[in-house]
Amino acid sequence: MSKGVKQLKFSKYLGLRILTWALTIWIGVTFIFFVPRMFPSDPVENMIGRIQSRSGQMDPVEMEALRKTLRVQFGLEGSLMEQYLSFLKKGLLQFDFGPSLMSFPTPVGDIIKTYLPYTLGLMLVTTVMAWLIGNFIGLQAGFRKHRLSSKILEAVAICIYPVPYFIVALILQIVFAFILNWFPLQSTIVTMGGFGMFIRSLIRASILPAISLLLLGTGWWIISMKSLSGTVAEEDFVLYARYRGLPETRIGRSYVLRNSIITQVTALAMSLGGVFSGSIMTEIIFGYPGVGTLIQKAILQSDYNMILGCITISIVAISTATLIVDLIYPLIDPRIRYS
Amino acid sequence: MKKFWKHANGRLKVGIIVTLIFLFLGFVVYNIPHVNPFSYNTYGRRLPPSLEHPFGTTSMGQDIFWLLIEAIHNSLVIGFIVAFIGTVVGVFVGLLAGFSGGWLDRILMVITDTFVVIPSLPILVLMTSLMRGSATVILMALVLAMFAWAWPSRQIRSLALSIKERDFIHTAWFSGEGTVQVIVTEILPYALTWSLSNFMNATLAAIASESSLAVLGLSPANLISLGNMIQWARERNAIFTQQWNWIGPPIVATVLLFIGLFLLITGYNDYLSMKRGR
């Protein structure tokens with residue numbers, strides 16, 4: 001087979017995958033645009049109501065002007081189609097979601113920009129670590145699945161994995177922050193007072209959230225990798241490799257791992273959405289200053305622009321991350337390159 | 001039944017027992033007449049555990065044991081409603097996509113894949129924060145169900161694709177059965193055993209989502225669910241005042257329920273694959 005043919009196939013895979021990526025974002029954003037408009041509550045009227053309750057009755061002319069300004073700022077002017085197109089253009093291309101209500105008139109995009117790196121950092125580190133550690137342990141356990149240590153490991157993983165994220169976070173918080181007093185109950189990150197101070201407070205604030213995300217993530221990869229590699233280890237070609245007298249480490253690495261890791265890369269791409277939801281909950285429990293905590297603040301203050309902005313950005317971020325993981329896939333699965 | 005129990009693996013057995021205990025608490029014990037545990041100051045405040053109040057009372061004078069029983073009941077009910085809707089819609093969409101093929105299949109699968117990949121929690125947050133105050137249990141369940149159908153529909157589609165080409169389906173076509181009849185009499189029995197495991201999975205996911213929303217303060221405020229119970233205890237500083245008898249029971253119950261359901265699911269899947277002779 002010539003090299004040209006191979007590249008053609010790969011570019012077709014790439015094109016399809018990018019199309020799916022764009023469609024996912026489009027469907028998601030369309031969904032969050034239309035859903036709020038199906039509800040009877042009107043954010044502008046809510047806002048005006050709140051202003052009135054704070055500062056008493058207003059002049060009708062002034063109120064009409066305020067209403068008009070707010071409608072423009074909330075993107076509620078014009079027909080539904082115009083609103084939709086301007087939402088797509090502003091939201092997806094410029095990440096402009098209008099002003100935030102809780103810290104009016106700072107744009108939502110600016111606030112999210114300061115919170116997003118913390119969430120991305122926490123998620124990236126814990127997801128990659130959990131995937132590597134979990135698959136390594138899972139491979140060992142599945143490859144030698146009749147050993148007692150493998151069975152104990154799996155039992156531990158089974159008892160941790162199904163528990164919801166916020167419960168694990170809550171238990172860690174009670175044990176390590178409240179009873180043992182090793183960490184502060186709510187994490188604070190010091191941004192003033194030098195780089196060293198910042199890093200130290202960042203690590204201190206991140207340890208407990210990271211541990212709870214790691215525990216759950218690793219648990220799942222151990223369970224799934226163990227059952228995958230356990231099945232592969234009983235295939236005929238592994239038996240054949242044994243008859244050839246290949247060393248166990250080589251069988252594990254080039255036969256069992258190579259065949260089961262492909263599934264795990266797809267599974268990683270599929271799991272990112274769930275991991276993101278989990279990290280939001282974990283952040284909220286610990287007060288870690290990421291998008292999750294921001295969403296919680298926005299809910300408490302009914303800041304719809306902020307909620308919409310956070311959600312749009314998370315859909316874009318998760319879809320893009322999924323796309324990147326999926327693009328690694330053809331590198332390790334030769335069947336995509338050839339077939 | 002006896003034979004089933006003999007062939008069941010350890011996980012399935014433990015899963016069944018734990019799940020049955022929760023069903024017993026949530027649907028049998030629940031029906032024993034008791035005071036509405038939601039109303040304040042029914043009993044003394046912060047009573048320690050006793051015979052009359054097995055887990056004591058809260059700072060608002062509510063009986064923790066009956067709060068827990070109601071919470072288990074409501075969480076299970078929400079889980080079951082969501083799982084039922086999700087499974088029915090998922091099986092329908094999956095069969096439709098798998099059997100129609102062509103453009104309909106592609107469109108359905110793009111939508112399904114979107115719903116699998118999109119982070120569900122932020123969208124649930126958006127919807128529930130819009131209907132805050134007016135949310136009811138049924139509305140909550142419907143909203144949660146929007147994210148419960150995608151995964152089963154993907155699985156049922158691949159199941160349908162693999163069955164479609166088998167001999168007995170061809171036999172059914174050639175003997176003059178219509179599409180609907182083939183789906184109902186030949187495919188559905190296969191899909192049902194699969195759906196059962198999907199159903200339990202969806203129950204688990206729905207209870208988890210509801211309790212996550214509760215921690216965000218977005219679950220209906222008058223709904224006694226496991227998540228809300230934990231959230232109320234947190235709001236009233238049960239951790240700082242070390243009222244472990246208040247915040248402990250819902251946490252332990254949630255953990256046990258989830259492990260039990262998870263063992264039931266994986267045990268049931270292993271049991272099925274063993275029955276298929278693998």
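Owing to the predicted nature of the structure, the values given are computational and were not obtained by experimental measurement.
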Donor-acceptor pair between B:S197 and B:N269 side chains, under 3.5 angstrom: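 B:N269 and B:S197 do have a side-chain donor-acceptor pair below 3.5 Å.
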Distance-only polar pair, side chains of A:Y84 and A:T30, donor-acceptor under 3.5 Å: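 A pair is found: one side chain offers a donor N or O, the other an acceptor, under 3.5 Å apart.
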With only heavy atoms counted, which part of [X] is less than 4.5 Å from chain A, the side chain, the backbone, both or neither?
{"X": "B:L124", "answer": "neither"}
{"X": "B:S209", "answer": "neither"}
{"X": "B:F115", "answer": "side chain"}
{"X": "B:R154", "answer": "side chain"}

Under 4.5 Å from any heavy atom of chain B, what part of [X] do you find: side chain, backbone, both or neither?
{"X": "A:I160", "value": "neither"}
{"X": "A:I32", "value": "both"}
{"X": "A:I223", "value": "side chain"}
{"X": "A:I158", "value": "both"}
{"X": "A:L19", "value": "neither"}
{"X": "A:S314", "value": "both"}
{"X": "A:F31", "value": "side chain"}

[options]: which one forms the most heavy-atom pairs within less than 4.5 Å of chain B?
{"options": "A:C159, A:S319, A:G28, A:S271", "result": "A:C159"}
{"options": "A:L170, A:I284, A:L23, A:T20", "result": "A:L170"}
{"options": "A:I295, A:I285, A:I315", "result": "A:I285"}

Candidates B:I81, B:L23, B:L226 - the one meeting side-chain contact (heavy atoms from CB on, under 4.5 Å) with B:L76: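 Among B:I81, B:L23, B:L226, the one meeting side-chain contact (heavy atoms from CB on, under 4.5 Å) with B:L76 is B:L23.
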Looking at B:T254, B:T114, B:L256, B:L257, which one has more heavy-atom pairs under 4.5 Å with chain A than the rest?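 Top option by heavy-atom pairs under 4.5 Å: B:T114.
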Please tell me if the side chains of A:V265 and A:V325 come closer than 4.5 Å, counting only heavy atoms from C-beta onward.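 Side chain of A:V265 against side chain of A:V325, heavy atoms only: contact under 4.5 Å found.
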Does a side-chain heavy-atom distance below 4.5 Å link A:S279 with A:L213?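 A:S279 reaches A:L213 side chain to side chain.
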[X] (side chain) donor-acceptor with [Y] (main chain) under 3.5 angstrom:
{"X": "A:Q173", "Y": "A:F286", "answer": "no"}
{"X": "A:T126", "Y": "A:M123", "answer": "yes"}
{"X": "A:T293", "Y": "A:Y288", "answer": "yes"}
{"X": "B:W149", "Y": "B:M146", "answer": "yes"}

Residue pair A:A269 / A:D326: nearest heavy atoms and the distance that separates them: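 The pair with the smallest heavy-atom distance is CB-OD1, 3.5 Å.
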